[in-house]
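Okay, so here's the structure we're looking at.
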Amino acid sequence: METKKKNICTEGYSNSPLGAGGSYSIDENGYYGEFGGTYIPEILHGTVERLTRAYNAIKEDASFKAEYYDLLKNYVGRPSPLYFAKRLSEKYNTKIYLKREDLNHTGAHKINNALGQILLAKRMGKTRIIAETGAGQHGVATATTCALMGLECIVFMGKTDVERQFLNVQKMRMLGATVEPVTSGNHTLKDATNEAIRYWCSNPDSFYIIGSTVGPHPYPDMVGFFQSVISEEIKDQLQEQIGRDYPDYLMACVGGGSNAMGTYYHYLDDERVKIISAEAGGLGIDSGESAATIHLGRTGIIHGSRTLIMQDEDGQITEPYSISAGLDYPGIGPAHAFFAKIGRTKVHAINDDEALEAAFEITLLEGIIPAIESAHALALLKKEKDTFKPEDIVVITVSGRGDKDMDTYIKHFTK
Ligand SMILES: *Cc1c(COP(=O)(O)O)cnc(C)c1O
C-alpha cells in the first residue's frame, strides 16, 4: 500500500484538554514526538481530512457532549465505580482502588469509544460503519452502537479469530452486523485491520470506527479523547472518597492503548502521579513468543502511523503472541511509544503465567473475574510491591470482565 506523509487540518488542538502547549499532547501534524502522523493512501486523504474537521468541531460542541454523556450514563451505566479493594490492599500493604470498566454495558471500556465515534458518524451523515476486531470485543461494541443507531455494520475479523471467538461472532450477527472473515496473512487482528483499511479505500464514504489509540491521525487522539471519561471520573471519585483528586500510582494494560490513554489522560501533566503500563510478555520477552512491543519494537509504519513495531531485520512484521487476544498486536499506539521513550511511563512486560496468577488472585480476594487483558495490569502489583508505601493511593483500571476468557481460565484451574 502506498504511504504518504500528510499534514492535514489541525485547527482546534489548542483547545484539547491535553493542550497544544502541554508536554504530552499531539503536535499540529498529529505527532507525539517522533510517533504518529498520517500515513495513508492518497485516496483516503479527503475522507480523513473531513473526519478531522468534524472531530475538531464536536470537541467543543455542547450539544454533542450532552448527547454523548446522556448515553454514557443511561445506556452504558456510567460512571463506572471506583472501588476500594480492601483485601487486595491488605495483601500489598497499600491502598488499591479499581476503576471498574468491566461493569460497562458489553463488558469493557470499548463501548465508550464506539459510542463517541458513532455519534460523530451520524453527524457526518454516514450510513455504513466498518470496524476491525481481534477477540471480538470492539466488534461487539461497534455492532451494539450500530443497532442502537440503526446503521449498517460490517466487521472485519481474521478467520482464526472467527473460529476461536464463536460467542462474540454470534453476538455480532444477532446485533445485525455482517462479519467478514479475513483470510490474508495470519488470519488475525493485523490482517483484519489491513482488510478494513482496504475496504475503506474502495468505499471512502464508510465511517471506520477504529477500536484503539492506533491508526492515522486523528484516530489516536480521538479515541483517547472518547476514553478520557475514565480519568475524568477517577478525579471526581478520588476527590469524593479520599478528599484528593489524584493517586500516587496509575496503572493499566496496553494493547493498542485506549483504556490506558483514558486512564492517564487528565493526569499526564501531573508529575505527582507515577504511571505504569503493562504490555503482554507472552512466554517471555526473550522467548520469541511475545507481544511486548515497547520492549522489543523498532520504529516503523503500521496501519497509518509511525510507531514501535515488532519486526525482523528486514522490517517484516513479526507475528506477536499473547495469551490475551486484546493485547496480541505487533504495534502500539504512538502516544504510548512516546510516553515510554521520554520516561513519562514505566512499562513492564507481563508474561502469560503472571497474568493468570493475578487473575486468580483478584478473583479469590475480591470476587471479581477480570478480563485476561486487565489481569496484566493487576500483575503490576506484584512487580511494584516493594515501591508502595502503606499510605500510597494506587488506581488500576480493570478494562473488562472475564466472561470471554473462561475457556482460558478453565484450562489453568489447579483444583
Ligand atoms: C481490547 C481490550 C484491551 C486492549 O485494548 P486497549 O486499546 O489497549 O485498551 C484491553 N482490555 C480489554 C478488556 C479489551 O477488550
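For ligands, and for the atoms within them, numbers begin at 1 and follow the listed sequence.
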Per-atom contacts, ligand 1 versus Q137 - under 4.0 Å to a heavy atom: 15 (O)

G256 N/O under 3.5 Å from ligand 1 N/O: yes

Option set E373, H336, K110, criterion heavy-atom distance to atom 10 (C) of ligand 1, minimum: E373

S305 side chain near Y219 side chain, heavy-atom distance below 4.5 Å: no

E163 vs H187 side-chain heavy atoms within contact, under 4.5 Å: no

Proximity flag H109 to ligand 1, non-hydrogen atoms under 4.0 Å: yes

Aromatic ring proximity, centroids under 6.0 angstrom, Y92 and F388: no

Nearest neighbour in protein (non-hydrogen) for atom 11 (N) of ligand 1: S399 OG, 2.7 Å

Geometric N/O contact N259 with ligand 1, under 3.5 angstrom: yes

Results of ring-ring contact (aromatic ring centres under 6.0 Å, His included) for H105 - residues two or more places apart only: Y75

Protein contact of atom 4 (C) of ligand 1 - nearest heavy atom, named by residue and atom, plus distance: G326 O, 3.4 Å

4.0 Å heavy-atom contact, A260 with ligand 1: no

Side chain to side chain contact (heavy atoms under 4.5 Å, CB included) assessment of I396 paired with L380: CA-CA 9 Å; I396 308 176; L380 291 170; over 6 Å; no

Heavy-atom nearest neighbour in the protein, as seen from atom 6 (P) of ligand 1, with distance rounded to 0.1 Å: S258 N, 3.3 Å

Proximal ligand 1 atoms for A371, defined as those under 4.0 Å from one of its heavy atoms: 13 (C)

Pair Y68 and F226, ring centroids less than 6.0 Å apart: yes

Ion pair K190/E319, N-O distance below 4.0 Å: yes

Heteroatom proximity flag, G211 to ligand 1, N/O under 3.5 Å: no

Ligand-residue contact atoms, ligand 1 with G255, heavy atoms, under 4.0 Å: 8 (O)

Location of contacts on H138 toward ligand 1, heavy atoms closer than 4.0 Å: neither

Atoms of ligand 1, numbered as shown, that sit under 4.0 Å from any heavy atom of G400: 13 (C)

Side chains of K99 and S80, donor plus acceptor under 3.5 Å: yes

Which residue and heavy atom of the protein sit nearest atom 7 (O) of ligand 1, plus the separation: S212 OG, 2.5 Å

Residues, nucleotides or ligands: over 12 heavy atoms within 6.0 Å of K159 NZ: no

Candidates H348, H336, H376, H295 - the one meeting side-chain hydrogen bond (donor to acceptor under 3.5 Å, both in side chains) with E279: H295

